[in-house]
2 protein chains.
Amino acid sequence: MGVSERKAKEKEELKSRILQAAKKLFVEKGIDQTTIRNIANEIEYSVGTVYVYYKDKNDILHDLHSQGFKQLGGEMKVLFNVADPMERLKALGKTYLSFALENPDMYDLMFTLKGPMDFLESMHQEEWNEGKGTFDVLRSTVNQCMETGHFSGHQLEPLSFAIWSTVHGMASLHNSQRVKGVNFEDPNTILMKAYEEFVKIIDRE
Amino acid sequence: MGVSERKAKEKEELKSRILQAAKKLFVEKGIDQTTIRNIANEIEYSVGTVYVYYKDKNDILHDLHSQGFKQLGGEMKVLFNVADPMERLKALGKTYLSFALENPDMYDLMFTLKGPMDFLESMHQEEWNEGKGTFDVLRSTVNQCMETGHFSGHQLEPLSFAIWSTVHGMASLHNSQRVKGVNFEDPNTILMKAYEEFVKIIDRE
DNA sequence: AAATAAAATGAACACTGTTCATTTTATCAA
DNA sequence: TTGATAAAATGAACAGTGTTCATTTTATTT
């Protein structure tokens, strides 16, 4: 049946248009300044149509959050070429931080806002596959670092978590406007300098 | 004049009652589930009255954020007794992290939510004194660590920022439900283990 | 061309933060 | 005590939000 296939494709396409409109408006005027009516208006459909394709606003937030993880995952995959695990670890951190600074709204959606997580819960889906997948990349890299003699005396899981926390903390403080309140240098500069201090420390491990 | 003094005191008192009602409701049912009408109801006044004492909701959020910093500041002051700066630094981190885990809503208000910062901006008050004061405690401690031979080859400001980021990152990931999505241990346990890894690392510095 | 299924609609609902003309209460002077 | 004045409290009204769902429009099949 060619008709139902075409219909499925059209549905997928309109859903994707809704998502891209949402992303555009989020970046343009912020997530909580973007309403369902705005999104509907952007694609020239009615409010009701948005609810045909998405359960609720959190559904949209979660879908966009997943898209963000695909992008970040793609940028991280490039670094699989880096043979030395320690070099790869440092590069991963830099990539992660750059992603956060360049896509603050997306980063918020992926790692701070409740919306996407509330959606998972409402679907009785307890697994956060996107987060787990990304953390796996970090953990396996740290594991290889340990296998090549680094981080001796450390525990893999908590250490990986501490490293994640460090870069996430930088991104998060920057994103929530807490950096500029404390230091009057350009926030991006102080952030990158802080990352350099982090690199100095783990370079000795 | 005794009358105007008494009036000023009464005003101060009612304002404080509004704040405490807000805090109670925030903890009970979450910040964005708490409405001005809820708060007014809690103290048995009308909505309008709340707006006599607070400019808007962000004003309340900011006031509560300041109260949180007073509490955290108090808990940190206790550690001034610890003579060795390195020991003090580690204790500061633990106190900071414990505060975040025990007062998640307050921590959110202090270090994540836009509300309090938006209020400052709306008041044309560019300085974030609460954050600066707290960061000063960390920086001066790190400075003393460096003066006693630790962290050689590091820069004070970015290093302090990196340390802040590490503990904030732990608190933030926990607070936004991202820890339990990735690791099925008790989130508090993995968090404390991660902090121990952090301690191991800076103990070598 | 009629019957059926699928998709899109937008008015309506219950809620939000916020305003401000009006009412109530307290203070002070005659 | 009374009337004038100032201060404080009020809540209806406004413009906005996310969400629902009976109704209408469009497309497909018979």
Side-chain angles (χ1 to χ4, degrees), chain A residues 1-19 21-22 25-26 29-64 109 113-119 121-123, chain B residues 1-19 21-22 25-26 29-64 109 113-119 121-123:
Chain A
M1 245 306 158
V3 174
S4 61
E5 278 174 23
R6 195 204 69 221
K7 280 217 168 188
K9 202 164 220 167
E10 278 174 359
K11 281 195 73 167
E12 203 54 54
E13 201 177 291
L14 182 48
K15 186 167 186 177
S16 156
R17 282 186 60 208
I18 293 172
L19 199 68
L25 292 170
F26 285 174
K29 40 191 265 175
I31 287 173
D32 36 41
Q33 296 304 316
T34 301
T35 71
I36 306 289
R37 283 170 183 82
N38 290 155
I39 296 169
N41 214 54
E42 180 75 20
I43 57 168
E44 292 178 299
Y45 274 82
S46 72
V47 245
T49 302
V50 175
Y51 282 90
V52 172
Y53 292 84
Y54 284 100
K55 181 178 168 278
D56 54 26
K57 198 178 184 182
N58 282 344
D59 194 356
I60 301 177
L61 296 184
H62 174 265
D63 207 354
L64 223 39
L109 225 35
L113 296 184
K114 312 261 180 203
M117 290 324 212
D118 287 350
F119 174 74
E121 228 170 276
S122 78
M123 296 269 94
Chain B
M1 246 308 160
V3 174
S4 61
E5 279 174 21
R6 197 204 67 221
K7 282 217 167 185
K9 201 164 221 166
E10 279 175 357
K11 282 195 71 167
E12 204 53 53
E13 203 178 289
L14 183 47
K15 186 167 185 176
S16 156
R17 283 186 59 208
I18 294 172
L19 199 66
L25 292 171
F26 285 175
K29 41 190 262 176
I31 286 174
D32 37 39
Q33 295 305 315
T34 301
T35 70
I36 306 289
R37 282 169 182 83
N38 290 156
I39 296 169
N41 213 55
E42 179 76 19
I43 58 168
E44 292 177 301
Y45 274 82
S46 71
V47 245
T49 303
V50 175
Y51 283 89
V52 173
Y53 292 84
Y54 285 99
K55 182 179 166 279
D56 53 25
K57 199 178 185 181
N58 283 345
D59 194 353
I60 300 177
L61 296 184
H62 174 265
D63 207 354
L64 223 39
L109 226 35
L113 297 184
K114 312 261 178 203
M117 292 323 215
D118 287 350
F119 174 74
E121 228 170 274
S122 79
M123 296 270 94

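All chains are named by letter (A, B, ...) in the order of the sequence lines, taking the proteins before the strands, and each is independently numbered beginning at 1.
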Given 3.5 Å as the limit, does a donor-acceptor pair link the side chain of B:N38 with the main chain of B:T35, or not?
yes
Between P on C:dG17 and CG on B:D32, what's the gap in Å once rounded to a whole number?
10 Å
Of B:E10 and B:T35, the one whose nearest nucleotide on DNA chain C sits closer to the 5' end is B:T35
Round to the nearest Å and state the distance from B:I36 atom CD1 to C:dT18 atom P.
6 Å
Residues passing the side chain to side chain contact (heavy atoms under 4.5 Å, CB included) test with A:Y53, sequence neighbours excluded, are A:K11, A:L14, A:K15, A:I18, A:T49
Do A:M123 and A:H62 have side chains that approach each other closer than 4.5 Å (heavy atoms only, starting at C-beta)?
no
Trace of the side-chain contact (heavy atoms from CB on, under 4.5 Å) decision for A:I39 with A:V47
CA-CA 8 Å; A:I39 296 169; A:V47 245; over 6 Å; no
For the backbone of A:G30 and the side chain of A:T34, can you confirm whether one donor and one acceptor N or O come within less than 3.5 Å of each other?
yes
Candidate pair A:I60 and A:I36, rule side-chain contact (heavy atoms from CB on, under 4.5 Å), full reasoning
CA-CA 10 Å; A:I60 301 177; A:I36 306 289; 4.2 Å; yes
Taking atom P of C:dG17 as reference, at what distance in whole Å does atom NZ of B:K114 sit?
20 Å
side-chain contact (heavy atoms from CB on, under 4.5 Å) assessment of B:E42 paired with B:R17
CA-CA 9 Å; B:E42 179 76 19; B:R17 283 186 59 208; over 6 Å; no
Between A:Y53 (OH) and C:dA6 (C1'), how many Å, whole number?
10 Å
Rounding to a whole Å, what distance do you find between B:I31:CD1 and C:dG17:P?
13 Å
Quick one: label B:Y54 by what it contacts on the DNA or RNA (base, sugar-phosphate, nothing), any heavy atom closer than 4.0 Å.
nothing
Just checking A:L14: base, sugar-phosphate only, or nothing, at a heavy-atom cut-off of under 4.0 Å?
sugar-phosphate
Which residues in residues 56-64 of chain B have a heavy atom closer than 4.0 Å to any atom of DNA chain C?
B:D56, B:K57
Gap separating the CD atom of B:E121 from the CG atom of B:N58, nearest 0.5 angstrom:
10.5 Å
Using a 4.0 Å cut-off on heavy atoms, which residues in residues 40-49 of chain B reach DNA chain D? List them by number, or say none.
B:Y45, B:S46, B:V47, B:G48, B:T49
Give the rounded distance in Å between these two atoms: CD1 of A:I18 and P of C:dA7.
13 Å
If you compare every side-chain N and O of B:Y51 against the phosphate oxygens of D:dT10 (OP1, OP2), does one of them come in below 4.0 Å?
no
Report the distance from atom CZ of A:R37 to atom C1' of D:dT17, rounded to the nearest whole Å.
7 Å
Please report, rounded to the nearest Å, how far the P atom of D:dT17 is from the CD1 atom of A:I39.
11 Å
The test is side-chain contact (heavy atoms from CB on, under 4.5 Å); show your working for B:L61 and B:F119 and say whether it passes.
CA-CA 8 Å; B:L61 296 184; B:F119 174 74; over 6 Å; no
